[in-house]
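Down below is the structure, laid out as structure tokens.
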Amino acid sequence: MDTNMKILVVDDFSTMRRIIKNLLKDLGFSNIQEADDGNTALPMLNQGDFDFVVTDWNMPGMQGIDLLRAIRADDKLKHLPVLMVTAEAKKEQIVAAAQAGVNGYVVKPFTAATLKEKLDKIFQRLG
Amino acid sequence: MSETTTSLMSLAEAHQLVKYLENGQVIEANAAIDAAALRSAPEIFTEVGKLTRQLHDSLNNFQLDARITGLVEEDIPDAESRLEYVIEETEKAANTTMDALEKSMPITEEINTRIAEILPEWDKLMSREIVVGEFKALCLELDKLLKDTSQETQQLNSLMTEVLMAQGYQDLTGQVIRRVITLVKEVQDNLVHMLTVFGEPVVDKKAEPENKIKAEGPVIDAEQRDDVVNGQDDVDDLLSSLGF
């Protein structure tokens with residue numbers, strides 16, 4: 001796992017961004033940036049060479065699922081691994097996220113161990 | 001007086017009416033007044049008819065507005081259970097945080113006490129006043145302290161992570177409260193609407209069709225529903241059933 005990778009954390013609640021950022025730091029990642037919804041995230045992704053995206057679903061403005069679809073629809077971004085960390089727990093939502101090409105789905109409230117496990121899995125699969 | 005306004009009674013009729021009254025012909029006088037009044041009646045009837053129709057439509061539309069029934073039957077009870085959820089989550093977070101603190105404090109106190117015990121010997125070493133026997137004892141004590149402290153700080157670290165994770169309640173309850181605020185606003189709009197409904201015709205607002213998946217926020221009654229997952233294990237099972 002390359003701990004120098006550049007990660008974008010997208011969530012409308014700054015407390016949740018802080019929690020995820022702290023957990024990522026605990027796992028050794030330090031190159032982390034934040035956005036508060038898809039509309040803020042997309043231009044950042046387009047400009048900066050991000051390696052990984054962690055996003056919430058339910059946000060004002062552009063929602064996480066639409067951000068995911070926008071990433072997958074963009075030739076420059078579609079390779080980006082996306083982990084969804086969200087309170088959205090409807091089965092159809094999880095299926096929709098999977099169909100849209102999400103790399104992992106963590107439902108809130110979650111534990112530090114769960115987040116680490118999902119990250120490990122994603123990076124394993126990416127090789 | 002406008003030229004276009006036509007009088008309900010002509011001058012000749014008015015003279016005639018005065019004559020009837022002077023002669024004490026009450027019946028004829030009343031008939032003349034009624035005849036004049038009837039000329040304006042159709043307009044009044046039409047106006048009253050229009051108003052009645054408007055009132056009727058307004059009342060009908062108001063009763064039929066499905067949104068109001070929905071608000072009363074579903075959304076307000078739903079808001080109640082959402083607010084209950086907020087209380088539960090904040091209580092859980094407060095307890096988790098305090099539990100972790102209560103476990104952390106004895107650990108730091110213990111480390112502090114043991115350092116205080118060793119410190120006099122350590123000071124002797126630093127000022128080169130220590131004798132060989134004391135030095136050996138100090139080394140053993142220090143060895144034990146370092147190893148124990150290393151373990152204890154790891155324990156502290158995981159307790160701190162617990163505190164960190166507990167703060168997630170702010171996000172979850174915030175989402176729920178936002179929804180309740182939206183509902184309160186809608187109720188308010190409907191009340192305003194109710195106040196104005198008798199003044200003007202109501203435009204029947206249909207509920208917008210749900211053509212895409214809507215974000216719902218934290219699920220507060222997962223046990224009673226079968227369209228949602230109950231925890232991360234369910235998510236993992238669902239995804240692996242999809243070949244993920």
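Here is how names work: the chains are called A, B, and so on, in the same order as the sequence lines, proteins then strands, and each is numbered from 1. Everything quoted here is computed from the prediction, not taken from an experiment.
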I'd like to verify something: which residue of [options] has the highest number of heavy-atom pairs under 4.5 Å with chain A?
{"options": "B/Gly231, B/Pro218, B/Ala215, B/Gly168", "value": "B/Ala215"}
{"options": "B/Asp236, B/Leu239, B/Val219, B/Asp227", "value": "B/Asp227"}
{"options": "B/Gln232, B/Glu89, B/Gln167, B/Arg178", "value": "B/Gln232"}

Residues B/Asp171 and B/Gln175: side-chain donor-acceptor under 3.5 angstrom: yes
Side chain / backbone / both / neither for [X] at chain A, heavy atoms under 4.5 Å:
{"X": "B/Asp234", "answer": "neither"}
{"X": "B/Leu164", "answer": "both"}
{"X": "B/Asn157", "answer": "side chain"}

Name the region of [X], side chain, backbone, both or neither, that has any atom closer than 4.5 Å to a heavy atom of chain B.
{"X": "A/Asp26", "result": "side chain"}
{"X": "A/Gln63", "result": "side chain"}
{"X": "A/Thr111", "result": "backbone"}

Sidechain N-carboxylate O distance under 4.0 Å for B/Lys103, B/Asp99: no
Carboxylate-amine/guanidinium proximity below 4.0 Å for B/Glu110 and B/Arg114: yes
Selection from A/Ile19, A/Ile65, A/Thr15 maximising heavy-atom pairs under 4.5 Å formed with chain B: A/Ile19
Other residues, nucleotides, ligands: >12 heavy atoms within 6.0 Å of B/Lys136 NZ: no
With A/Thr114, the side chain to side chain contact (heavy atoms under 4.5 Å, CB included) member among A/Val106, A/Val85, A/Leu23: A/Val106
Any donor-acceptor pair under 3.5 Å from B/Gln155 side chain to B/Ser150 backbone: no
Rounded distance (nearest 0.5 Å) linking atom NZ of A/Lys90 with atom CH2 of A/Trp57: 9.0 Å
